[in-house]
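A quick write-up on the structure given underneath.
All ligand and atom numbering here is 1-based and tracks the order in the structure.
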Amino acid sequence: MQVNTLILGAGAAGLQAAAFAGPKTLVIDHAKAPGEKIRISGGGRCNFTNLGTTAANFISRNPHFAKSALARYSQWDFIDLVDRHRIPWHEKTLGQLFCDTSAKDIIAMLRSEMEAAQARLWLNTAVEEVSHDGDLFHVRLSRDGKVGTVQARALVVATGGKSIPKMGATGLAYQIATQFGLAVTDTRPALVPFTFSDEKFKPLAGTATPARVTTQDGTSFDEAMLFTHRGLSGPAILQASSYWHDGEDVTVAVAPDLDLAPLLKDQRRDQGRKALTTALGAHLPPRLVDYLSGEMDLTGNVGDISDGRIDAICEVLANWSLKPSGTEGYRTAEVTLGGVDTDGLSSKTMEAKAVPGLYFIGEAVDVTGWLGGYNFQWAWSSGYAAGTAIAARLG
Ligand SMILES: Cc1cc2nc3c(=O)[nH]c(=O)nc-3n(C[C@H](O)[C@H](O)[C@H](O)COP(=O)(O)OP(=O)(O)OC[C@H]3O[C@@H](n4cnc5c(N)ncnc54)[C@H](O)[C@@H]3O)c2cc1C
């Protein structure tokens, strides 16, 4: 069988590319349903983009690479598509847009766009082998127990990264890149909770607090932090994990927007007979205060505490240094950091510079977004870049 375009992977990027790639496009996926990560994303409501998306919200060895694709298919283009399909949405926080009803609305929309473009979808289809004869790609596929070869003029690799293998993630994109001589940068789990080998936060599991989490390179995120049985999670920690390396510390400022020292000094005047832990518990989660009383001296009444001691306590709360022993890994990571090196790809089309007709899009590429809808926006933008370039090339 011969097609113009074969897209490997029916996730966010592959479905988007299929809507633009032109006639005779086939999308294959080894899963039994398309867009499985879309379905589970955003707690089932899919944080499908971010109003504030710019290239500064992405991590890549080349921080400029994402600019062109993001400019040519922006968050406004995707919002326009969502509106044309009458999918209700709302802004939750920090520019993050979510479906009002269900992430399944986004999958249905992408499927209908793809079908309108007459692209075909084969599910339960595994990739056995990929080769190139200098003109056509030959991809051996197995489907329903039968093995066959599809020949394609363009091959789009949209098989994502390594995160959540239970949901079908494989390293296929990196294998294909390596096979065709493209470099792959080091990959590691990102947007992932931290673990601590001593499980020291177990007594606090389930407690959340606003926090500013700063990694050793000086990157900071002000969002919620959550204590878990095995360590730390919540948006501030997930964001920081993308900038953290094994063995490094992170610095946590608890309740960073609160000027705690003057508040405690006022309480000393008005409520001097309150225990210091009770006074702190008015501003911080009481379970956290209990925990901290095991780490530092919080005994006595607030009225008996000197300015110097209040300042010292507040200094510790603003610069709490923690050394994670690791992360929860690909099992729970929302994304894979790193991937197909952008040096080998055109930033306009996502085509491999050395292999005409071969494209890499989405999470497979060394472009990783922050938490907040940026990763899907990269899938939409890079999918559009490859799809429209193929349509223009193959006519
Ligand atoms: C729990 C969770 C929640 C998330 N929430 C959000 C969110 O709200 N907002 C956001 O922006 N991002 C979110 N993300 C990240 C987002 O899901 C990904 O960045 C995005 O799905 C990447 O799109 P993709 O098309 O490149 O890859 P994927 O969506 O991973 O699609 C890859 C496809 O390729 C298929 N595939 C893989 N290997 C093979 C193979 N060997 N043969 C055949 N098929 C193969 C897979 O089955 C899959 O369908 C979340 C991720 C997770 C895990």
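Looking at Leu172 against ligand 1, only its side chain comes within 4.0 Å, counting heavy atoms. The residue Leu8 has no part lying near ligand 1, judged by heavy-atom distances below 4.0 Å.
In terms of polar-atom proximity, defined here as any N/O pair under 3.5 Å, Ala364 makes no such contact with ligand 1. Residue Gly14 has no nitrogen or oxygen atom sitting less than 3.5 Å from a nitrogen or oxygen atom of ligand 1, judged on distance alone. Close N/O approach between Asp29 and ligand 1 is found [any backbone or side-chain N/O within under 3.5 Å]. Taking any N or O of Thr170, backbone or side chain, at least one lies under 3.5 Å from an N or O belonging to ligand 1.
For the pair Ala169 and ligand 1, no heavy-atom separation below 4.0 Å is found. The closest approach between any non-hydrogen atom of Ala158 and ligand 1 is below 4.0 Å.
Criterion: ILVMFWY side-chain heavy atoms under 4.5 Å apart, direct or through other members. Under it, Tyr243 and Phe194 are not part of a common hydrophobic cluster. Hydrophobic clustering, with ILVMFWY side chains joined whenever heavy atoms are under 4.5 angstrom apart, keeps Leu238 apart from Trp370.
Checked by atom type and distance alone, the side chain of Thr228 pairs as donor or acceptor with a backbone atom of Gly231 at under 3.5 Å. Side chain of Thr195 to backbone of Glu328: no donor-acceptor contact under 3.5 angstrom is found. Asp246 contributes no side-chain N or O that, together with a main-chain N or O of Glu248, makes up a donor-acceptor pair within less than 3.5 Å. Between the side chain of Gln239 and the main chain of Phe221, no donor-acceptor pair closer than 3.5 Å is present.
Residue-ligand proximity, Ser41 to ligand 1, at heavy-atom distances under 4.0 Å covers atoms 3 (C), 4 (C), 5 (N), 6 (C), 7 (C), 8 (O). Remark: ligand 1 atoms within the under-4.0 Å shell around heavy atoms of Tyr374 are 11 (O). Near Ile164, with a cut-off below 4.0 Å to any heavy atom, the atoms of ligand 1 are 53 (C). Using a 4.0 Å cut-off to heavy atoms of Gly362, the atoms of ligand 1 that qualify are 26 (O). Taking a cut-off of under 4.0 Å to the non-hydrogen atoms of Ile40, the atoms of ligand 1 that pass are 1 (C). Counting the atoms of ligand 1 from 1 in the order shown, those under 4.0 Å from a heavy atom of Asn47 are 7 (C), 8 (O), 9 (N), 10 (C), 11 (O).
Looking at Asp290 and Arg287, no side-chain N of the basic residue comes within less than 4.0 Å of a carboxylate O on the acidic one, giving no salt bridge.
Leu26 places none of its side-chain heavy atoms less than 4.5 Å from the side chain of Thr5. Contact annotation: the side chain of Asp341 never approaches that of Leu182 to less than 4.5 Å [non-hydrogen atoms, C-beta and beyond]. When side chains are defined from C-beta on, Thr54 does not count as touching Leu70, because their heavy atoms never get closer than 4.5 Å.
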ask   = Given the rule in the ring pair (Phe, Tyr, Trp, His ring centres under 6.0 Å) test, do Phe376 and Phe48 qualify, once you have shown the distances and angles that lead to the verdict?
value = CA-CA 6 Å; Phe376 279 136; Phe48 56 80; 8.9 Å; no
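Of the options Phe360, Trp122, Phe376, Trp370, the smallest heavy-atom separation from atom 16 (C) of ligand 1 is shown by Phe376. Closest heavy-atom approach to atom 27 (O) of ligand 1 among the candidates Ala379, Gly171, Gly160: Gly160. Summarising the contacts of atom 42 (N) of ligand 1 with His30, Gln175, Gln16, Glu128, the nearest heavy atom is found in His30.
From the protein, the heavy atom lying nearest to atom 26 (O) of ligand 1 is Glu363 N, 2.8 Å.
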